[in-house]
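Notes follow the structure.
Computed from a prediction, not measured in an experiment: that's the story for all the values here. Letters A, B, ... mirror the listed sequences (proteins, then strands); counts begin at 1.
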Amino acid sequence: MKKILAVLTEELEKAFCVCGYDEKLAKVTLSNRPDLCDYQCNGAMAAAKQYKKAPIQIAGEVAAQLQNCDKFQSVQAVNPGFINMKISEEFLASYVGDMGKDDRLGCEPCESSRKVVMDYGGANVAKPLHVGHLRSAIIGETLKRICRFCGDEVIADVHLGDWGLQMGLIIVQLQEDQPDLVYFDTDYKGEYPQDAPFTITELEEIYPRASAKSKQDGAFKERAQQATLQLQQGYPPYRALWKHILQVSIVDLKKNYENLQVEFDLWKGESDAQDYIPDMISDMKEKGFLHESQGAMVVDVAQETDTKEIPPCIIQKSDGAVLYATSDLATLIQRKQDFAPDRILYMADKRQEMHFVQVFRAARKTGIVEENTQLLFKGFGTMNGKDGKPFKTRDGGVMRLETLIGEINQAVYEKMMENRSVSQEEAREVSRIVGLSALKYGDLSNQASKDYVFDIERFSSFEGNTGPYILYTIVRIKSILTKYYQQSSEQEEGVLLVPSHQSEKNLMLQLSKLNEVIETAYEELAPHRICAYIYELSDCFNGFYHDTKILGEEDQQKQKSYITLISITKKVLELCIELLGFQAPERM
RNA sequence: ACACUCGUAGCUCAGUGGAUAGAGCACUGGCCUCCGGAGCCAGGUGCGUGGGUUCGAUUCCCAUCGAGUGUACCA
């Protein structure tokens with residue numbers, strides 16, 4: 001379905017043309033004075049200079065043209081030159097009614113479907129997921145869903161950190177802890193064991209210990225770097241250990257992402273790109289892009305227009321090892337071969353922006369990625385605690401994601417037990433669903449690029465602009481619909497009648513914005529637009545609910561219209577939360 | 001030092017080249033013969049500061065102050 005603003009703009013364009021003005025001036029926007037009108041057009045004021053006429057006169061001429069247009073109830077020219085429009089209630093009701101009949105609720109897929117690789121999640125093997133991974137997962141997941149809904153073919157890749165220094169650190173630490181393992185016996189010639197010599201719990205303990213030690217102990221760090229290099233060069237015992245680390249870790253990661261309802265199509269990692277590196281490097285050398293600088297092999301990516309110094313992109317360290325940028329570049333080669341995407345989108349902490357600037361420029365410069373493939377970095381801000389500083393546990397450590405999720409579910413659970421008599425079991429079950437909405441909505445309702453304050457109390461509240469409040473609204477509608485279909489012989493939705501009071505009209509107006517909002521969220525990659533929309537929609541619904549007796553309505557036609565209206569509201573809310581990555585329970 | 005981002009209500013956040021800058025929380029008062037009161041209604045304060053462009057700037061530009069982040073072998 002055409003967006004309602006587009007429909008109205010077309011009418012205005014006709015009117016502007018007839019009056020002899022440029023139709024580009026005819027853009028209709030939502031009214032910022034809902035007390036005066038539903039929609040407005042400010043084009044007459046912009047036209048005033050161009051046509052050397054008073055804006056109010058232009059507005060008046062255009063308004064006069066529109067007096068008989070069936071899309072409008074009224075069109076007025078108001079000083080200094082606003083064109084204020086009230087929408088025809090018949091048109092509004094039929095528009096919203098048509099939305100309800102459409103299985104995409106009036107949202108058309110965009111014309112040019114793109115093939116998109118999305119790189120988010122960014123979990124590191126052998127390290128537990130912590131709050132730092134939360135945003136990438138949550139935002140990436142919703143962007144994936146939004147892009148897919150809008151018609152893109154999206155391939156989501158978790159892109160594990162499975163190849164960096166942390167692997168060397170773990171190997172060296174393991175050697176200190178258990179020097180007798182066969183992996184460290186240089187004379188050992190046999191097969192390496194099938195099973196890992198550690199559990200996930202042990203693994204998760206090893207890394208932070210090794211990492212801390214490497215900061216204190218220079219020799220230890222050097223050995224870790226050496227081990228990393230050996231691993232990268234294919235030294236069999238380290239390869240065997242590395243496989244164990246991966247195997248143990250991925251099982252655990254999958255479980256965690258599943259709890260977050262975050263799904264990936266690909267579980268590739270940095271290691272998968274390694275095979276592409278030798279050719280990539282020799283190609284870069286051949287073409288003259290790669291040169292030695294301070295002992296490292298680099299590609300210069302500085303440009304004359306830069307306002308700041310952009311350091312060269314390091315492809316190979318002075319010790320011969322490769323790094324993050326190298327495998328990201330190699331991954332680009334891999335992705336191009338595997339998918340030939342139109343766009344590659346990275347979700348990562350905005351502090352990594354420089355890295356992506358370097359990689360993107362190096363990729364363009366060396367011809368790894370052509371002009372027709374768009375490279376996009378969507379940086380997100382830090383999750384802070386109530387003190388405004390990066391979120392930490394009480395004792396100052398990094399909080400594990402599992403712990404965080406547990407805490408928010410617990411907060412929701414306690415609220416449910418206070419307010420409603422449900423069984424503990426049901427409350428547990430439902431609190432997981434509601435807790436997830438609290439977590440995701442709390443994050444997504446903020447602009448992704450900004451830092452935000454994470455506040456369990458606030459996010460898990462059932463009041464205000466929160467996930468649980470949205471879910472509550474849906475559950476409430478479900479409850480009414482269930483009652484209606486229990487006591488009524490009617491099983492089908494009816495026709496929407498024109499709104500009989502303001503709150504009903506408000507609800508319809510809000511519903512009619514859906515396709516506009518989804519498109520904006522898609523174009524701007526801005527999930528918070530959807531959050532703002534459904535919050536307002538929930539408010540509109542509650543306003544309508546408050547002054548309409550739905551089940552008590554005696555006029556059958558009217559009642560059926562109400563039922564249809566709230567049913568459309570439910571569908572819209574459900575679509576939106578599905579895009580945001582959570583769903584509503586039956587009761588709460 | 002340089003660069004980038006951000007300064008909106010007591011707090012957490014939206015928003016826009018246009019009319020009276022919005023929500024939530026918190027605070028105060030109403031509203032249950034009512035489909036879920038986890039609701040509805042009413043009540044106060046704000047665009048860091050100074051310039052500029054514009055008919056019109058909170059929005060665009062410049063300066064200034066403040067905060068955050070980044071500046072080659074970590075990811």
Tell me, for nucleotides 63-75 of chain B in 5' to 3' order, what letter each nucleotide earns: B for a base near a protein heavy atom under 4.0 Å, S for only sugar-phosphate near one, - for neither? -----SSS-BBSB
Return the stems involving RNA chain B, sorted by first number, where pairs are Watson-Crick (N1-N3 with N6-O4 or O6-N4) or G-U wobble (N1-O2 and O6-N3), both under 3.5 Å, and runs are 3 or more long. B:1-7 with B:65-71, B:10-13 with B:22-25, B:27-31 with B:39-43, B:48-52 with B:60-64
Take atom NE2 of A:His528 and atom P of B:G24, then tell me their distance rounded to the nearest Å. 18 Å
Between atom CG in A:Asp455 and atom C1' in B:G24, what is the gap in whole Å? 12 Å
Review item, side-chain donor-acceptor pairs of residues 524-535 of chain A, under 3.5 Å, at least two apart:
| residue | atom | partner | partner atom | Å |
| --- | --- | --- | --- | --- |
| A:Glu524 | OE1 | A:Arg529 | NE | 3.0 |
| A:Glu524 | OE1 | A:Arg529 | NH2 | 3.0 |
| A:Glu524 | OE2 | A:Arg529 | NH2 | 3.4 |
| A:Tyr533 | OH | A:Gln510 | O | 2.8 |
| A:Tyr533 | OH | A:Leu511 | O | 3.3 |

Under-4.0 Å side-chain N/O to phosphate OP1/OP2 contact, A:Lys483 with B:G36: yes
Can you pull out the residues from residues 439-446 of chain A that lie within a 4.0 Å heavy-atom distance of RNA chain B? A:Asn446
Go through residues 537-548 of chain A and report each residue with a non-hydrogen atom lying under 4.0 Å from RNA chain B, sorted by number. A:Asp539, A:Asn542, A:Tyr545, A:His546, A:Thr548
To the nearest Å, give me how far apart CD1 (A:Ile534) and P (B:A23) are. 18 Å
Tell me the interatomic distance from A:Phe459, atom CZ, to B:U12, atom P, rounded to whole angstroms. 12 Å
Ranking B:G37, B:A19, B:A38 by distance to the side chain of A:Leu36, first place goes to B:A19
Using whole Å, report how far NZ of A:Lys513 lies from P of B:A14. 18 Å
Whole angstrom is fine here: how far is it from CG in A:Asn32 over to C1' in B:U59? 13 Å
Salt bridge or not for A:Arg223 and A:Asp217, using N-O below 4.0 Å? no
Take atom C1' in B:C6 and the same atom in B:A14, then report the distance between them in whole Å. 15 Å
Can you tell me the distance, in whole Å, between the CD atom of A:Gln510 and the C1' atom of B:A23? 13 Å
From OH of A:Tyr39 over to C1' of B:A19, roughly how many Å is that when rounded to an integer? 19 Å
Using the C1' atom as the reference point in each nucleotide, state the distance between B:C13 and B:G7 in Å, no decimals. 13 Å
Please list every donor-acceptor pair under 3.5 Å in which a side-chain atom of residues 378-390 of chain A meets a protein atom from a residue at least two apart or in another chain.
| residue | atom | partner | partner atom | Å |
| --- | --- | --- | --- | --- |
| A:Asn384 | ND2 | A:Gly388 | O | 3.2 |
| A:Asp387 | OD1 | A:Lys389 | N | 2.9 |

